[in-house]
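Reviewing the structure listed below.
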Protein chains: 2
Amino acid sequence: MRFRLRYGVDMPTTGRRERKKAQTRRALSEAALRLFCEHGYDGVTVAQIADEADVSIATLFAHVPDGKEALIFDDGAERPVWLAAAVRDRPPGQSVLQSLRRCMAARGPFTNDLPPELRRKRDLIVSTPALREYSRKLWIAGEGTLAEAIATESGRAPSDMTVRALARYVLEIPGLAGTEPDPLAALNAVFDLLESGWPESPEEVTDRPG
Amino acid sequence: MRFRLRYGVDMPTTGRRERKKAQTRRALSEAALRLFCEHGYDGVTVAQIADEADVSIATLFAHVPDGKEALIFDDGAERPVWLAAAVRDRPPGQSVLQSLRRCMAARGPFTNDLPPELRRKRDLIVSTPALREYSRKLWIAGEGTLAEAIATESGRAPSDMTVRALARYVLEIPGLAGTEPDPLAALNAVFDLLESGWPESPEEVTDRPG
DNA sequence: TCTGAAACTGTAATCATTATAGATTCAGAT
DNA sequence: ATCTGAATCTATAATGATTACAGTTTCAGA
């Protein structure tokens, strides 16, 4: 029991094996982030990362089957869950799109309310094409999950193309608005478009509902 | 002059050098398509393709700097031009979105009005993740061009996030709707969404304008 | 005919990724 | 306390895409 705190506070609670595994995985992430920040993504080889984390290359790929880009993303599967949960647990009276807008605004590139370490990571991702791409891939991977939540909450079929399109378009927003000078304003503009549709003339724009 | 027809009908009209270059490029595309169709994308190496086209690997990459996926796309830069032109040259009274909807419906995965060779190519692309990805990349590369046309035609700034988002969302449609059982119906559903916005309840859907 | 650029070649790198086969370590059962 | 199988890790050697290089051939234009 006294070992628990040695390796981290919120491990899955099983044996030493799992702790060591997580330890290795974290060592890899941290080594990768450190080296990427110092020499740029393309200036670092997976061999160097493995060395820095003191594991073999084979071990590196065992921990990160998706390859080099995935090294600094430890949370791949979680993101779609946040959004789906935001839709399901939204307060009564709030529309599906409103809940998505708020949830998204609190994440990723849209807030500066982050510890400096995460901010450095975000900046690295935003400024590295390969990492931007991979980040998008992670978001899009949640399309099915999000579409299901949207369908349930709006009384449509999950295979309804409108549902799938909305899910996809929402998940594209980080990649689309994340590089703008004012990401939050950009995010709101895109959600306005999704809520109200494209007004043929700029004059027709109406105030944002809600 | 009598050599013109030997190598093709619509070469850029300069010397033999250009003709041979185009000839080589076409040999590569055709070899790649043939081998991909026969053994699957992952079942073919660039070395095999180079062999089949009777050029060295270095030459292959000189012709196709974007790599293996680009081999069967000889028209990368043209696609955004079609769409931008469709927006600019639309008949009076037709909305920007209407023109895009019609132009898109005539292309890529949305029509079967294609020669069998192109149909085989399209099926290969749709059924191969790496090629789908690359095709999307080509579409998205035209975002700036399309955004500019949309901005001009609708009296907005090209940097307006709404414009950029619309351009992006339109260009995502092939990848989004192209794999549906009825791609054309899917395309129309997505355009309806972009025109009218997301109706919180399915009941609110209005007839498609125009 | 001469000359420089363009296109091509073979060869050898670099790098990510996967396969293999053996060693070590741990969890759970005896 | 010991045994056993699975998980983890290792070194090593492929494979395959991509790039660098240095030299050759071929063409266009002076």
Side-chain angles (χ1 to χ4, degrees), chain A residues 1 3-4 6-7 11-29 31-32 35-36 39-73 128-131 133-134 137, chain B residues 1 3-4 6-7 11-29 31-32 35-36 39-73 128-131 133-134 137:
Chain A
M1 214 17 176
F3 292 104
R4 179 81 63 80
R6 281 256 189 103
Y7 295 96
M11 299 284 99
T13 343
T14 330
R16 162 162 39 207
R17 194 163 235 164
E18 313 237 349
R19 263 175 279 138
K20 288 207 171 181
K21 186 175 177 177
Q23 199 185 203
T24 306
R25 175 61 229 244
R26 202 172 316 171
L28 283 167
S29 293
L35 292 175
F36 287 164
H39 304 105
Y41 179 77
D42 291 319
V44 182
T45 69
V46 290
Q48 290 170 327
I49 297 169
D51 268 1
E52 180 90 356
D54 199 36
V55 297
S56 73
I57 296 185
T59 298
L60 183 153
F61 280 103
H63 278 272
V64 187
D66 274 5
K68 193 180 176 184
E69 301 94 4
L71 270 165
I72 62 172
F73 296 90
T128 306
L131 295 177
E133 281 268 314
Y134 185 73
K137 216 183 252 180
Chain B
M1 218 8 176
F3 292 105
R4 180 80 63 79
R6 280 256 190 103
Y7 295 98
M11 299 285 100
T13 344
T14 330
R16 162 161 39 205
R17 194 164 235 165
E18 314 237 350
R19 261 175 281 139
K20 287 206 172 183
K21 186 175 177 177
Q23 197 186 205
T24 305
R25 174 65 231 242
R26 201 170 319 171
L28 283 167
S29 293
L35 292 175
F36 287 164
H39 304 105
Y41 179 78
D42 291 319
V44 182
T45 69
V46 290
Q48 290 171 328
I49 297 168
D51 268 3
E52 180 91 357
D54 199 35
V55 297
S56 73
I57 295 186
T59 298
L60 183 153
F61 280 104
H63 277 272
V64 188
D66 274 4
K68 192 180 175 185
E69 301 94 7
L71 270 165
I72 61 170
F73 296 91
T128 307
L131 295 177
E133 282 269 311
Y134 185 73
K137 214 184 253 178

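The basis for the numbers below is simple: all heavy atoms, side chains too, and nothing from hydrogens, waters or symmetry mates. Below, read A as the first sequence line, B as the second, and so on, with proteins coming before strands; counting in each chain starts at 1.
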Seminar exercise, completed: Protein-proximity profile, nucleotides 23-30 of chain C, B/S/- by nucleotide at the 4.0 Å heavy-atom cutoff, equals --BBS---

For this session: May I have all residue pairs that pass side-chain hydrogen bond (donor to acceptor under 3.5 Å, both in side chains) and include part of residues 42-54 of chain A, sequence neighbours excluded?
Result: A:R34-A:E52

Exercise. Knowing that exactly one of B:R17, B:R16, B:E18 qualifies, which makes a side-chain contact (heavy atoms from CB on, under 4.5 Å) with B:K20?
Worked result: B:R16

For this session: Under 4.0 Å from any atom of DNA chain C, heavy atoms only: list the residues of residues 55-66 of chain B that qualify, in numerical order.
Result: B:V55, B:S56, B:A58, B:T59, B:H63

For this session: Determine the contact category for A:D42: base if any of its heavy atoms lies under 4.0 Å from a base atom, sugar-phosphate if only primed atoms, P, OP1 or OP2 are that close, otherwise nothing.
Result: nothing

Exercise. Which heavy atom in A:L60 sits nearest to a heavy atom in A:V55, and how many Å separate them?
Worked result: N-CG2, 4.4 Å

For this session: Considering non-hydrogen atoms only, spot the tightest contact between B:L28 and B:A53 and give its length.
Result: CD2-CB, 3.7 Å

Problem set entry | Rounded distance (nearest 0.5 Å) linking atom CD1 of A:I49 with atom CG of A:L35 | 6.0 Å

Less than 3.5 Å apart, which donor and acceptor atoms pair up between the side chains of residues 63-73 of chain B and the rest of the protein, not counting sequence neighbours?
residue, atom, partner, partner atom, Å
B:D66, OD2, B:Y134, OH, 3.0
B:K68, NZ, B:Y41, O, 3.2
B:K68, NZ, B:V44, O, 2.8

For this session: May I ask you to test the B:P129-B:E133 pair for a side-chain heavy-atom distance under 4.5 Å?
Result: no

For this session: Identify the 5'-most and 3'-most nucleotides of DNA chain D with at least one atom closer than 4.0 Å to a non-hydrogen atom of chain A.
Result: D:dA6 to D:dA11

Problem set entry | Set of residues satisfying ring pair (Phe, Tyr, Trp, His ring centres under 6.0 Å) with respect to B:F61, sequence neighbours excluded | none

